[in-house]
Novice: 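The structure follows.
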Amino acid sequence: MRTARIGYASPMPKLWQYSRALVCSGAWQWPTVECTAAGLTTSKSVGGGFDAGGSKVKDIAGEDRATSLDEQWARVRGRLRAEVGEAAYRSWLKPLTMVSVKKGAVRMAVPTRFMRDWVLSNYAQRIEALWRDEDENIAGVEIVVQPPERPMPRPQDAPMRKATAAKKEAPVTETPVSRAHSPQARLSIPPAAQSEPTYRDVSAPLDERSTFDNFVVGKPNELAYAAARRVAEAGTVPFNPLFLYGPVGLGKTHLMHAIAWQIKACTPKRRIIYLSAEKFMYQFVRALRTKDTMAFKEQFRSVDVLMIDDVQFIGGREATQEEFFHTFNTLVDQNRQVVISADKSPSDLEGVEERMRSRLGWGLVADIHPTTYELRLGILQSKAEQLGASIPAKVLEFLAHKIVSNVREMEGALNRIVAHANLVGRPIALETTQEVLHDLLRANDRRVTIEEIQKRVSEHFNVRVTDMHSARRARAVARPRQVAMYLAKQLTARSLPEIGRKFGGRDHTTVMHAVRRIEELKATDPSFAEDVELLRRMLEA
């Protein structure tokens, strides 16, 4: 170890030159500097040094410690990702950041309170166990809320900046101010292709609230979410087309907008057209009327991503189907991404040609199931957080129980009660919620009747409705009757004795036995469980 003795009066350039000489000569050991003053001598190892160019080298011990923690956290994240799956990881665990490790406690942060509560309830114990596997001295994990210091850039900001730059360079006559700030301008193609304004004209505006960050993931929609995310982030086309289907108001359009925003954020140069099937038909009819079909074909067949919403509306329109079919084939053959949504699966679309149904089901078909109570409650909590409103838990639970069929309607109800509280000045409570939403709640109070259940189950299992009331105990009759009793218990507010009376005057214990039996069969027979779930969805629709 080399030692340099300097006094406080020593000029700093000498120390600088000496340190450089040490490094340049190949003596990589850090010098020990002894400082003398007033007869006192101290010795301290310098925690850094200088490189050959005279630049200060960082402290190695601190750097090693930080690197070690980063590596440990990277391994913990990797194991979590493998255990919980891609969709859950991106929604709940990817936003986790490590703040500090002090006295055996790992302090981690998430951006919102709702996300913190969810992580604590579902993943905290596992995260703590994985940290202990990395470092046995870890005593616990703390999850705190730490909003970003500055707003994260929105997905549309990148294309907006590009459009602004192009506007400054282009003549004023080519890019009017009124067009540059319109919603269509946000969906415009990159500056390199500003000479093609047709994409702006055709594409529908995107809702800037409809991003992946604002989409609440649960079991009913996790497949559709994961597939949409994969399409948006993949460098190549993973499956073509991506076909999303499900009842109205469950998030299909939200996912399509999120795909568009994510693609524009990652690769702004990709050309995207998003529009409804109705608008596609309108554009085609206009092209026929103006005898300009070649421009129409060029417009739709030269994009990188084509997204058509509510494709069921082209059913029965033969000419539109023909053009859509050829456009679809051209894009798929050129390995361009196609994303389609509908309210039914491809095989169930009415008025659509067989070859079209076959092509639509060619890629990945992802359905979105009706929401569960837990998912609805999560959506409401997330929406309340976005609105910045303090809403009692009982009100959110009440809405999640009462509005079950349509997420869009549920969010609208939340907007109404928040607006009422702000405008009238009354605090949000369960009583005021019932008062403000009386019309909506009355419409949603329509209950499925036991008679409807019996009729639908009889049709599905090909038995007579009278068999639901008969004393026959043959399995071909008894099993459908048990399914009907189970669905009556799940979908109606009737008591067990009332349900029993509707099935030929049976005792409530018979209904209880039927419910238990169906639950056992659902747990052991996936095909049977699928049949029961299909019946439930059909009755709730």
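Here the structure is a predicted model, which is why all the values come from computation and not from measurement. Values below: all heavy atoms of this structure, side chains included; hydrogens, waters and symmetry mates excluded.
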Novice: For F328 and F300, what are the C-alpha separation, side-chain angles and deciding distance, and is it a ring pair (Phe, Tyr, Trp, His ring centres under 6.0 Å)?
Specialist: CA-CA 9 Å; F328 177 90; F300 280 93; over 10 Å; no
Novice: Could you walk me through whether T432 and E435 pass the side-chain hydrogen bond (donor to acceptor under 3.5 Å, both in side chains) test, one step at a time?
Specialist: CA-CA 5 Å; T432 56; E435 179 184 332; over 6 Å; no
Novice: Hey, are R229 and E233 close enough for a salt bridge, meaning a charged N less than 4.0 Å from a carboxylate O?
Specialist: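 Answer for the salt bridge query: yes.
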Novice: Between D309 and K252 (salt bridge meaning N to carboxylate O under 4.0 Å), is one present in this structure?
Specialist: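 A salt bridge is absent here (no side-chain N lies under 4.0 Å from a carboxylate O).
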Novice: Could you check whether R408 pairs with E411 (Lys NZ or Arg NE/NH1/NH2 to Asp/Glu carboxylate O, under 4.0 Å)?
Specialist: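 A salt bridge is absent here (no side-chain N lies under 4.0 Å from a carboxylate O).
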Novice: Kindly give the heavy-atom pair with the smallest separation between V457 and P480, and that separation in Å.
Specialist: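 Heavy atoms of V457 and P480 come nearest at CG1-O, 3.4 Å.
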Novice: Would you check if the side chain of D507 reaches a backbone N or O of T510 as a donor-acceptor pair within less than 3.5 Å?
Specialist: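 Absent.
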Novice: More than 12 foreign heavy atoms under 6.0 Å from OH of Y282: is that the case here?
Specialist: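 No.
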Novice: Treating Q321 as the side-chain partner and G351 as the backbone partner, does any N or O pair qualify as donor plus acceptor under 3.5 Å?
Specialist: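 Present.
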Novice: Shortest non-hydrogen contact from V231 to L242?
Specialist: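 Closest approach of V231 to L242, heavy atoms only: CG2-CD2, 3.8 Å.
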Novice: Kindly compute the distance separating CH2 (W261) from CD1 (I272), expressed to the nearest 0.5 Å.
Specialist: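 If I round to the nearest 0.5 Å, the distance is 9.5 Å.
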Novice: Under 3.5 Å, is there a donor on one side chain and an acceptor on the other for T211 and D213?
Specialist: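 Result is no, nothing qualifies.
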Novice: How long is the gap from CZ on F325 to CZ on R359, to the nearest 0.5 Å?
Specialist: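 One finds 5.0 Å between CZ of F325 and CZ of R359.
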Novice: Is the number of heavy atoms from other residues, nucleotides or ligands under 6.0 Å of E530 CD greater than 12?
Specialist: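 No, CD of E530 has 12 or fewer neighbouring heavy atoms, counting only those of other groups under 6.0 Å.
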Novice: Rounded to the nearest 0.5 Å, how far apart are CG of N240 and CG of L331?
Specialist: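 Reported to 0.5 Å precision, the distance equals 8.0 Å.
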Novice: Rounded to the nearest 0.5 Å, how far does CG of L377 lie from OG1 of T372?
Specialist: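 Separation between the atoms: 9.5 Å.
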Novice: For side-chain hydrogen bond (donor to acceptor under 3.5 Å, both in side chains), just list the numbers for H420 and N422, CA-CA rounded to whole Å, side-chain angles, deciding distance to a tenth of an Å, and then say yes or no.
Specialist: CA-CA 5 Å; H420 180 270; N422 292 336; over 6 Å; no
Novice: Report yes or no: does S210 contribute a side-chain atom to a donor-acceptor pair with the main-chain N or O of L206 at less than 3.5 Å?
Specialist: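 No, S210 side chain to L206 backbone: no donor-acceptor pair under 3.5 Å.
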Novice: Does this structure show an ion pair linking E533 with R536, if we count only N-O contacts that are shorter than 4.0 Å?
Specialist: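 Yes, charged N to carboxylate O under 4.0 Å.
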Novice: Determine the sole option in R473, R472, K455 for which the salt bridge (charged side-chain N to carboxylate O under 4.0 Å, His left out) test with D467 is passed.
Specialist: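 In the set R473, R472, K455, the residue that makes a salt bridge (charged side-chain N to carboxylate O under 4.0 Å, His left out) with D467 is R472.
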Novice: Do you know which two heavy atoms are closest between M512 and L496, and how far apart they sit?
Specialist: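 Where M512 meets L496 most closely, the heavy atoms are CG-CD1, 3.3 Å.
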Novice: Are side-chain N/O atoms of S382 and E385 paired as donor and acceptor at under 3.5 Å?
Specialist: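 No, no side-chain donor-acceptor pair sits under 3.5 Å.
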Novice: Between atom CD1 of I263 and atom CD of Q337, what is the distance when rounded to the nearest 0.5 Å?
Specialist: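 Spacing of CD1 (I263) from CD (Q337) equals 7.0 Å.
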Novice: Taking atom NZ of K502 as the centre, report whether more than 12 heavy atoms of other residues, nucleotides or ligands fall under 6.0 Å from it.
Specialist: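 Open: at most 12 neighbouring heavy atoms sit under 6.0 Å from NZ of K502.
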Novice: Take I143 and L96 through the test side-chain contact (heavy atoms from CB on, under 4.5 Å) and record every step on the way to the result.
Specialist: CA-CA 9 Å; I143 310 293; L96 269 173; 4.2 Å; yes
Novice: Less than 4.0 angstrom from a charged side-chain N to a carboxylate O is my criterion; do E322 and R355 meet it?
Specialist: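 A salt bridge links E322 with R355.
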Novice: Ignoring hydrogens and geometry, is there a side-chain-to-backbone donor-acceptor pair from R506 to F503 under 3.5 Å?
Specialist: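 Side chain of R506 to backbone of F503, a donor-acceptor pair under 3.5 Å: yes, one is there.
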Novice: Give a yes or no on whether the backbone of V436 and the side-chain of R416 come within a donor-acceptor separation of less than 3.5 Å.
Specialist: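 Confirmed, R416 side chain pairs with V436 backbone.
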Novice: Just wondering, more than 12 heavy atoms not from E318 lying within 6.0 Å of its CD?
Specialist: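 12 or below, so no.
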Novice: Assess the side chains of E397 and H401: does a donor N or O sit below 3.5 Å from an acceptor N or O?
Specialist: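 There is no such pair between these side chains.
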Novice: Near E278 CD, under 6.0 Å, is it more than 12 heavy atoms from other residues, nucleotides or ligands?
Specialist: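 Atom CD in E278 is not packed in, count stays at 12 or less.
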Novice: Look at atom CD of Q125 and say whether more than 12 heavy atoms of other residues, nucleotides or ligands are closer to it than 6.0 Å.
Specialist: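 12 or below, so no.
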Novice: Within the side chain of E128, is there an N or O that forms a donor-acceptor pair under 3.5 Å with the backbone of I138?
Specialist: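 No; judged by distance alone, with no hydrogens or angles, the pair does not exist.
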Novice: Decide if atom CG of D333 counts as having more than 12 heavy atoms of other residues, nucleotides or ligands within a radius under 6.0 Å.
Specialist: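 Enclosed.
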Novice: I'd like to know if E498 and K489 make a salt bridge, using a cut-off of under 4.0 Å between side-chain N and carboxylate O.
Specialist: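 Looking at K489 together with E498, the answer is no, because their closest N to O distance does not fall below 4.0 Å.
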Novice: Kindly check if the number of other-residue, nucleotide or ligand heavy atoms within 6.0 Å of CZ (R209) is above 12?
Specialist: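 No.
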Novice: Looking only at atom types and distance, does a side-chain atom of S358 sit under 3.5 Å from a main-chain N or O of E354, one as donor and one as acceptor?
Specialist: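 No: the side chain of S358 does not pair with the backbone of E354.
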Novice: Fit a plane to each ring of Y225 and F215, take the angle between them on a 0 to 90° scale, and name the class: parallel (under 30°), tilted (30 to 60°) or perpendicular (over 60°).
Specialist: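 Geometry flag for F215 against Y225: parallel rings.
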Novice: Quiz question: by atom type and distance under 3.5 Å, do the side chains of D348 and S345 form a donor-acceptor pair?
Specialist: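 Note: D348 and S345 side chains meet the donor-acceptor criterion.
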